[in-house]
> 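Below: one structure in structure tokens.
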Amino acid sequence: YPWDLLDANDMVLRRTEAKERGEVERGVTLKGEVVVEEGARLLSGTYVEGPVLVREGAEVGPNAYVRGPAVVGAGAHVGNAVEVKNSVLLPGASVSHLSYVGDSVVGEDANFGAGTVVANLRHDGENIRARVKGEMVDTERRKFGVVVGDVAKTGINTSLNAGVRLGAGTTTKPGEAVTKDKGVRV
């Protein structure tokens, strides 16, 4: 299941040791095990709590908050006033500004418009349920955000409900509240 990727990510990242080969500007705070690969950039005001892996060519900040376990994929972008928690951003993914992504998997070259917010917790305290092959499945997770396909795009101020999927190439309208899967076959 897609949420198993988050558990696997956690397991692998907890075995990493901090390394800074990329550019870390003055004013960046690193706590715990943080790997910044060569060619990656962390901009001033950014706060990173490991375990976190920032891949080559990725850029984080300014003033972003990334808390692990998390991976910012090669060439991905996490911009100003963005929080990423326990998520995997695949190569080229972009969450440019004023957004929250928690407990999620974001596909290659996906783009979140400004103000996109991912819900990752039900108000009733129950586990998140997600559709798999047409059936609703208990993720056995109290917190789980979204699965976003490659090259999907959200309009500004999009709200994505916990457990939804956006299919590859899917777009949302500005201000759209996505409460069920969109653009997903089966």
Side-chain angles (χ1 to χ4, degrees), residues 3 5-6 9-10 12-14 16-121 143-162 164 166 172 174-175 178:
W3 49 89
L5 180 58
L6 298 177
N9 188 53
D10 182 21
V12 170
L13 287 179
R14 294 214 182 269
T16 63
E17 294 183 25
K19 292 179 191 156
E20 292 177 41
R21 293 192 174 121
E23 179 184 345
V24 179
E25 289 185 351
R26 202 167 119 222
V28 170
T29 300
L30 302 177
K31 294 216 175 227
E33 301 302 316
V34 177
V35 176
V36 183
E37 290 186 347
E38 188 171 338
R41 296 179 64 209
L42 300 182
L43 305 179
S44 184
T46 295
Y47 194 99
V48 183
E49 290 182 65
V52 171
L53 169 60
V54 182
R55 303 297 313 266
E56 71 278 353
E59 183 173 277
V60 179
N63 305 312
Y65 180 30
V66 180
R67 50 190 173 122
V71 172
V72 179
H77 181 240
V78 174
N80 185 52
V82 170
E83 180 178 354
V84 174
K85 175 209 160 254
N86 186 31
S87 293
V88 176
L89 304 182
L90 292 172
S94 181
V95 185
S96 294
H97 40 265
L98 306 168
S99 297
Y100 173 75
V101 179
D103 305 283
S104 297
V105 179
V106 179
E108 287 189 39
D109 298 315
N111 184 70
F112 279 17
T116 296
V117 176
V118 172
N120 63 341
L121 178 69
K143 290 191 172 186
F144 180 61
V146 296
V147 176
V148 176
D150 296 345
V151 199
K153 293 178 172 46
T154 66
I156 62 168
N157 297 318
T158 293
S159 297
L160 300 171
N161 201 37
V164 301
L166 288 182
T172 68
V178 181

> Where do Glu49 and Lys31 land on the salt bridge (Lys or Arg N to Asp or Glu O under 4.0 Å) test, with the steps shown first?
CA-CA 5 Å; Glu49 290 182 65; Lys31 294 216 175 227; over 6 Å; no
> Less than 4.5 Å apart, side chain to side chain, heavy atoms only: is that true for Arg67 and Glu83?
yes
> Kindly compute the distance separating CZ (Phe112) from OH (Tyr100), expressed to the nearest 0.5 Å.
12.0 Å
> How many angstroms lie between OG1 in Thr158 and NZ in Lys153, if you round to the nearest 0.5 Å?
13.0 Å
> Can you measure from OG (Ser87) to CG (Leu5) and round to the nearest 0.5 angstrom?
10.0 Å
> Identify which one of Asn157, Asn111, Thr154 satisfies the side-chain hydrogen bond (donor to acceptor under 3.5 Å, both in side chains) criterion when paired with Thr116.
Thr154
> Which heavy atom of Ala114 sits nearest to which heavy atom of Ser99, and what is that distance?
C-OG, 4.2 Å
> So which heavy atom on Gly73 is nearest to which on Ala58, and how close?
O-CB, 3.4 Å
> Could you check whether any side-chain N or O of Ser44 sits under 3.5 Å from a backbone N or O of Arg26, counting only pairs where one atom can act as donor and the other as acceptor?
yes
> Enter the distance from Leu98:CG to Asn63:CG here, rounded to the nearest 0.5 Å.
10.5 Å
> If you look at every heavy atom in Val54 and Val52, which pair is closest and at what distance?
CG2-CG1, 3.9 Å
> Atom OH in Tyr47, atom CG in Leu30: separation rounded to 0.5 Å?
10.0 Å
> Only one of Val88, Val78, Val95 forms a side-chain contact (heavy atoms from CB on, under 4.5 Å) with Val72, so which one is it?
Val78
> Would Glu25 and Arg41 pass as an ion pair if we require N to O under 4.0 Å?
yes
> Apply side chain to side chain contact (heavy atoms under 4.5 Å, CB included) to Lys143 and Asn86, showing your working.
CA-CA 10 Å; Lys143 290 191 172 186; Asn86 186 31; over 6 Å; no
> Could you walk me through whether Val146 and Leu166 pass side chain to side chain contact (heavy atoms under 4.5 Å, CB included), step by step?
CA-CA 8 Å; Val146 296; Leu166 288 182; over 6 Å; no
> Please report the closest heavy-atom contact between His77 and Gly61, naming both atoms and the distance.
NE2-O, 4.2 Å
> Side chains of Pro91 and Arg55: closer than 4.5 Å at any heavy-atom pair?
no
> Distance check, rounded to the nearest 0.5 Å: Glu33 atom CD versus Leu13 atom CG?
10.5 Å
> Would you say CD of Glu23 has more than 12 non-hydrogen atoms from neighbouring residues, nucleotides or ligands within 6.0 angstrom?
yes
> With side chains defined as the heavy atoms from C-beta onward, is the minimum distance between Glu37 and Leu53 less than 4.5 Å?
yes
> Which atom pair, heavy atoms only, marks the closest approach of Gly145 to Ser104?
CA-OG, 3.4 Å
> Quick test of your reading of the model: are Arg21 and Glu56 salt-bridged, counting only N-O distances below 4.0 Å?
no
